[in-house]
Amino acid sequence: MNTNFSKMPIILIGNSFKYEIEATVKLFFPTDRFSFSDNIEDAVGDSYIVATVSESSNSSLISADIRLDSSDVVHSERTLSCTVESDKSMVERELCRLIYRILSEKTGIIQPWGILTGIRPVKKVVDLIRQGYNENDIYSQLSDKYEVSDKKLKLAYQTAVNQIPILDKIDSKAVSLYVSIPFCPTRCSYCSFVSHSMDSAIKLMPDYISALCRELEIIGKMVKDTDTKIDTIYFGGGTPTSITADDLRKVMESVAKNFDLSAVREYSVEAGRPDTITEEKLRVIKELGADRISVNPQTLNNDVLRVIGRKHSGEDSIKAFELARKIGFTNINSDLIAGLPTESAESFKKTLDKMIELSPESITVHTLTLKRSADLFAVGKENTSNPAVEMVDYSIEKLMDNGYLPYYMYRQKNTVDNLENVGYAKKGFESYYNIFIMDETQTILGAGCAASTKLVYPNGKISRIHNYKFPYEYIRNFDTLMDKKAETYELLEILKSE
């Protein structure tokens with residue numbers, strides 16, 4: 001709607017609901033920018049939104065006035081039997097619903113997740129199941145509050161049902177370990193992760209590997225001193241297999257040396273891009289204890305791979321998968337992305353069908369997300385009209401028909417068509433780590449550049465400690481960074497005493 005040089009005014013009168021209102025408007029204009037004020041005189045131009053809350057002693061009048069592309073202003077209002085002070089979340093949600101309904105009618109867009117913009121929709125379903133609500137009651141609640149479609153409610157419910165037996169087995173005294181290898185051969189055009197090309201990072205690699213191993217040693221000592229059990233281990237990035245087999249061995253040997261692996265239930269290495277996978281690296285991964293890997297083609301369409309900046313072919317992905325099987329891996333995940341630029345629905349379906357034929361133990365279907373830091377955001381409008389919905393709908397039906405059940409889900413801002421990312425797995429091959437990180441009920445200790453430590457206290461409080469984003473910062477400020485470990489040690493002591 002707006003050009004790069006203009007911003008749609010959003011005027012907030014009597015409220016400060018900027019975050020949720022912006023998230024609601026972005027459902028319809030994902031690549032637009034907005035200006036915010038509390039001055040009604042700023043409601044000028046071809047397009048603007050005025051969101052108002054007026055309160056009396058025990059009620060609120062909420063209203064929305066919206067003009068789009070020089071059309072007549074549309075007004076809608078509603079009286080609520082509560083105030084911001086007595087029920088802020090309800091006032092905020094209902095104001096967003098007013099805006100959502102006007103925008104949906106004006107644009108003709110019906111969002112499958114309605115105004116539910118949080119990253120963890122399944123968590124809401126799990127909570128309702130645990131409160132004793134049946135499936136129909138859950139559908140009714142979430143539909144009434146958030147305008148969620150029946151199709152997405154069913155997907156979220158099925159995911160929750162498959163997730164709960166694993167959540168019930170969480171050891172809250174145990175922790176998981178995340179090891180960051182934030183390097184890739186090249187940066188994909190859709191990527192917003194803090195990852196660095198090997199060409200630019202190669203000179204830092206010896207110092208980075210050394211620092212990472214030192215951090216693993218420090219974390220390992222804390223874990224040992226507090227008699228803390230490691231539940232799962234996950235190597236992510238970037239692409240961990242971007243580094244040499246020798247460097248990968250050094251890091252994995254450091255993990256084996258500093259942590260007791262005997263009780264680890266899952267050890268994953270995200271091998272990721274097929275152009276980084278070699279027989280030598282796969283043998284190192286298997287030898288040093290990892291039992292789950294990812295081989296992530298994203299698409300098998302060679303033309304699309306070139307467009308997104310990948311140097312490998314679809315055939316390379318298949319060969320990498322077959323090599324992993326030859327080495328003896330019996331738990332392989334494969335990631336695909338729905339909605340990649342220039343990908344057709346038919347092309348995506350062929351990729352998915354071929355991956356099902358290869359029969360990995362799990363398949364994760366992501367939807368393209370237009371992050372500001374990704375190269376694709378600059379041409380975002382060109383990517384918001386693609387057949388992602390058809391791709392995702394096909395994946396849900398096809399995967400379930402072939403024995404893959406949804407077991408974890410998350411959503412992100414600026415995802416094409418407001419869709420979701422879902423992990424599907426054959427029974428018994430669900431990833432514990434993926435579930436734990438989404439549910440936020442287990443502490444995760446992060447090691448390496450751009451890693452984040454998530455401390456989960458017994459009372460439910462969550463504290464995060466972020467490592468430096470860039471390798472040179474991580475290396476240069478290593479000692480300062482390690483000073484932040486005091487809170488981690490304190491939590492491990494608390495968990496030990498519980």
Side-chain angles (χ1 to χ4, degrees), residues 17 19-20 23-24 58 60 78 80-97 100 111-174 176 231 396 400 405-412 418-425 427 430-444 454-464 495 498:
F17 302 149
Y19 179 84
E20 285 300 330
T24 300
N58 57 6
S60 300
R78 183 181 172 195
L80 306 176
S81 58
C82 64
T83 64
V84 173
E85 183 176 356
S86 64
D87 196 340
K88 177 183 176 182
S89 62
M90 180 178 179
V91 177
E92 183 178 60
R93 183 180 69 244
E94 292 305 312
L95 183 55
C96 287
R97 284 183 72 196
Y100 172 86
Q111 293 292 351
W113 287 99
I115 63 168
L116 188 60
T117 57
I119 190 173
R120 298 175 175 85
V122 174
K123 196 164 186 176
K124 290 183 182 294
V125 179
V126 169
D127 290 344
L128 290 171
I129 291 175
R130 294 200 187 284
Q131 292 173 40
Y133 290 97
N134 64 35
E135 185 174 356
N136 289 334
D137 290 339
I138 292 170
Y139 285 12
S140 178
Q141 279 207 39
L142 296 181
S143 176
D144 291 346
K145 286 184 177 180
Y146 302 105
E147 310 272 344
V148 183
S149 69
D150 289 346
K151 184 185 296 184
K152 296 308 177 186
L153 287 171
K154 183 178 180 181
L155 179 62
Y157 184 83
Q158 290 173 318
T159 305
V161 167
N162 293 325
Q163 203 173 91
I164 285 175
I166 296 173
L167 292 174
D168 288 342
K169 296 177 183 178
I170 287 181
D171 184 347
S172 58
K173 290 187 177 182
S176 289
D231 195 4
I396 295 170
M400 290 192 191
L405 301 177
Y407 75 93
Y408 93 107
M409 175 194 298
Y410 69 99
R411 299 180 61 235
Q412 296 169 280
N418 191 30
L419 292 166
E420 65 283 336
N421 309 297
V422 183
Y424 299 83
K427 198 68 178 175
E430 303 86 355
S431 168
Y432 293 118
Y433 179 86
N434 285 336
I435 292 175
F436 296 166
I437 199 168
M438 283 297 110
D439 192 68
E440 296 191 306
T441 50
Q442 187 182 78
T443 287
I444 296 175
K454 183 187 297 181
L455 304 175
V456 181
Y457 286 80
N459 64 2
K461 172 191 169 185
I462 296 176
S463 179
R464 291 175 172 81
L495 294 180
E498 280 291 305

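Heavy-atom basis, side chains included; hydrogens, waters and symmetry copies ignored.
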NZ (Lys123) and CE (Met438) are apart, to the nearest 0.5 Å, by 10.0 Å

Interatomic distance, CD1@Ile166 vs CG@Asp439, rounded to 0.5 Å, equals 11.0 Å

request  = Apply side-chain contact (heavy atoms from CB on, under 4.5 Å) to Gln158 and Ile396, showing your working.
outcome  = CA-CA 11 Å; Gln158 290 173 318; Ile396 295 170; 5.6 Å; no

Smallest heavy-atom separation, Arg411 atom then Leu419 atom, equals NE-O, 3.6 Å

Does atom NZ (Lys454) have a neighbourhood of more than 12 heavy atoms from anything else shown, all under 6.0 Å? yes

Taking the side chain as every heavy atom from C-beta outward, state whether Val126 and Ile164 have any atom pair closer than 4.5 Å.
-> yes

Query - salt_bridge(Asp127, Arg120) N-O dist < 4.0 Å - result: no

Rounding to 0.5 Å, atoms CG (Asp171) and OG1 (Thr441) come to a distance of 11.0 Å

Output for pair (Asn134 CG, Tyr139 OH), nearest 0.5 Å, gives 10.5 Å

(message) A side-chain contact here means heavy atoms from C-beta on lying under 4.5 Å apart; do Gln163 and Val125 qualify?
(response) no

Check your understanding: Any side-chain heavy atom of Tyr157 sitting closer than 4.5 Å to one from Leu128?
Key -> no

Check: Is the backbone N or O of Val456 less than 3.5 Å from a side-chain atom of Thr443, with the two atoms forming a donor-acceptor pair by type?
Finding: yes

Within-4.5 Å side-chain heavy-atom neighbours: Leu116 and Lys152: no

Are a donor atom and an acceptor atom from the side chains of Tyr410 and Asn434 found within less than 3.5 Å of each other?
no

Beyond-backbone contact of Thr117 with Gln111, side-chain heavy atoms, under 4.5 angstrom: no

On a heavy-atom basis, the closest approach of Arg464 and Ile462 is NH1-CG2, 3.6 Å

**Item:** Ser140 (side chain) donor-acceptor with Asn136 (main chain) under 3.5 angstrom
**Value:** no

In terms of heavy-atom contacts, Ser176 and Phe436 come closest through OG-CD1, 4.1 Å

Q.
Under 3.5 Å, is there a donor on one side chain and an acceptor on the other for Asp231 and Gln442?
A. yes

Non-hydrogen side-chain atoms of Ile115 and Glu20 separated by less than 4.5 Å:
no

Looking only at heavy atoms, the pair that brings Cys82 and Ser60 closest together is O-OG, 2.6 Å

Quiz item: Hey, is CD on Gln131 packed in by over 12 heavy atoms from elsewhere, all under 6.0 Å?
Solution: yes

For Leu80 and Val91 the tightest heavy-atom approach is CD1-CA, 3.8 Å

Shortest non-hydrogen pair, Pro406 vs Val422, comes out as CB-CG1, 3.8 Å

**Message:** Do Glu430 and Asn162 have side chains that approach each other closer than 4.5 Å (heavy atoms only, starting at C-beta)?
**Reply:** no

Check step by step if side-chain contact (heavy atoms from CB on, under 4.5 Å) holds for Cys96 and Phe17.
CA-CA 9 Å; Cys96 287; Phe17 302 149; 5.9 Å; no

Query - Side-chain (Arg97) to main-chain (Gly114) donor-acceptor, under 3.5 angstrom - result: no

Take Leu155 and Met400 through the side-chain contact (heavy atoms from CB on, under 4.5 Å) test and state the conclusion after the steps.
-> CA-CA 11 Å; Leu155 179 62; Met400 290 192 191; 4.0 Å; yes

Output for pair (Leu153 CG, Glu135 CD), nearest 0.5 Å, gives 9.5 Å

One should read off an interatomic distance between Ile119 CD1 and Glu440 CD, to the nearest 0.5 angstrom, of 8.0 Å

Student check: side-chain heavy atoms of Ile437 and Tyr408 closer than 4.5 Å: no

